[in-house]
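In what follows, chains carry the letters A, B, and so on, assigned in the order in which the sequence lines appear, proteins first and then strands, with residues in each chain numbered from 1. Just the heavy atoms: all of them, side chains too, but no hydrogens, waters or symmetry mates, feed the values below.
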Amino acid sequence: MPTTIPTTTSSTRPGSPSAGDAYFETDTKNYIIYDGANWRGYEWDVTTANTLSLEFDGNDRLNTTYSSATGGDDFSVSFWMKSDGTGGTYQDIFRDDSSGNYGRLSLLTTPGSSTPFYLIYGTATGYNLDSTIDIGTIYDNAWHHIVIVLDNSGTYTNVKIYKDGNTTPEYSADARTTNGWANDGKQSANSQTNYVIGSTPTGTEYPYKGKLDQIAFFGSALTTTNVSNIYNSGNGAADIINLGLSPEAYYRIGNYLEDTNSDGSFASAGQDIGTVADYSGNNYDATQATTSKKPNYVADPAS
Amino acid sequence: MKKYILYSTQEEWNASNDAMNALFGLPDSHGNERYAEIQQVSNSGHSDFGKYIFPITTTGNFVTLNEFNVSDMVEFDPEWTSDVDYNAA
């Protein structure tokens, strides 16, 4: 028989509690217990909560239902990746594209290249891209935290790429021809389709081979403080929401009680995905209906 | 990791896919709709150009490795689709 814990808030806690009194605090989401002298808060274990990541075997993809409704705003993507660089020549990490009408931002990679990041985004008249971005070593089969920030506050879209919590970006430039971009077009297009993670939505596929974890899309330009906090000294922020950030979509991967295996049971290592829940609260859950294309959960979290 | 079988005809690919759908009872009540999606070798310069690529799953909940002849299987070839369709402006 489940027990319903009485509720309170952090500003309306009982004034004369007795030892053992317990409440669920609706504003902080904490479970608090009075020990006779002080309130003790139970904080869920963010370390052990992040126990899984997603493995893409070079033919998999995760179809999200996340399609941003507005365009032209700042945009950021934060994710962890682990790859040894094997697999296809071209590999999509995430793709926002419908028949070449590029949306807010897509990331194609070329693992065999010394400049493996290939960014492309939609503009008012087409798209802009740079196919030769170098961010240093990433294909060493170790986890790396990547944050891509598009800041549209200036005349041109400013692009920054942070790696492994370093507050000095690996790449920082206005997206202009003088900086190696195809044109000077500023990001302005809405999302063209639902984001696909790990491959291409339609047509020729460029499947990613490796692991991904903690993938979050933001309708804002993350700051260096945000980047540092998410990286959390390499331990990873198991819950970006707890940092006060508001991602538009957030795939924690292996989110207990929400992510499922393909048979409907709770997510567990070695199993194909059923539903990968959007932890942002916006319900942009992700799935893969084709069984041979399902990524699988692995007990190798990015922290 | 997956293995692959290259079929010369779409009918052969369809037969294998139908058999795997039947094996796993697809579509099922958990949102699993089909075993595979048809894909061809699209690199016109490849010796297997036009063949139909059938994936063989070796891990996870839908393993089909034991359903096919190992001698028919090949490794993934990144040259099956060699041309990137992100076009420089």
Student: Using non-hydrogen atoms only, which part of Tyr35(B) is less than 4.5 Å away from chain A: side chain, backbone, both, or neither?
Tutor: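 When you check distances to chain A, atoms from both the backbone and side chain of Tyr35(B) fall under 4.5 Å.
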
Student: For Ile56(B), which atoms come within 4.5 Å of any heavy atom of chain A: side chain, backbone, both, or neither?
Tutor: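 Neither; nothing under 4.5 Å.
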
Student: With only heavy atoms counted, which part of Thr287(A) is less than 4.5 Å from chain B, the side chain, the backbone, both or neither?
Tutor: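 No part of Thr287(A) comes within 4.5 Å of chain B.
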
Student: I'd like to verify something: which residue of Gln40(B), His30(B), Met20(B) has the highest number of heavy-atom pairs under 4.5 Å with chain A?
Tutor: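 Top option by heavy-atom pairs under 4.5 Å: His30(B).
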
Student: Looking at Lys2(B) and Glu75(B), is there a salt bridge between them, counting it only when a charged N and a carboxylate O are closer than 4.0 Å?
Tutor: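 Looking at Glu75(B) and Lys2(B), the cut-off is not met.
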
Student: Name all residues meeting the salt bridge (Lys or Arg N to Asp or Glu O under 4.0 Å) criterion together with Lys160(A); count only those two or more places apart in sequence or in a different chain, and write none if there are none.
Tutor: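 Salt bridge (Lys or Arg N to Asp or Glu O under 4.0 Å) list for Lys160(A), sorted by chain: empty.
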
Student: Could you pull out the closest heavy-atom pair between Asp60(A) and Ser292(A), with the gap in Å?
Tutor: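 Nearest heavy atoms, Asp60(A) then Ser292(A): OD1-O, 3.5 Å.
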
Student: Which one of Asn261(A), Asp57(A), Thr291(A) has the most heavy-atom pairs closer than 4.5 Å to chain B?
Tutor: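 The residue among Asn261(A), Asp57(A), Thr291(A) with the greatest pair count is Thr291(A).
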
Student: Applying side chain to side chain contact (heavy atoms under 4.5 Å, CB included) to Tyr4(B) and Trp80(B), what does each step give before you reach the verdict?
Tutor: CA-CA 12 Å; Tyr4(B) 299 87; Trp80(B) 284 336; 3.8 Å; yes

Student: What pairs with Lys186(A) under salt bridge (Lys or Arg N to Asp or Glu O under 4.0 Å), at least two apart in sequence or on another chain?
Tutor: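 Partners of Lys186(A) by the salt bridge (Lys or Arg N to Asp or Glu O under 4.0 Å) criterion come out as none, since no residue qualifies.
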
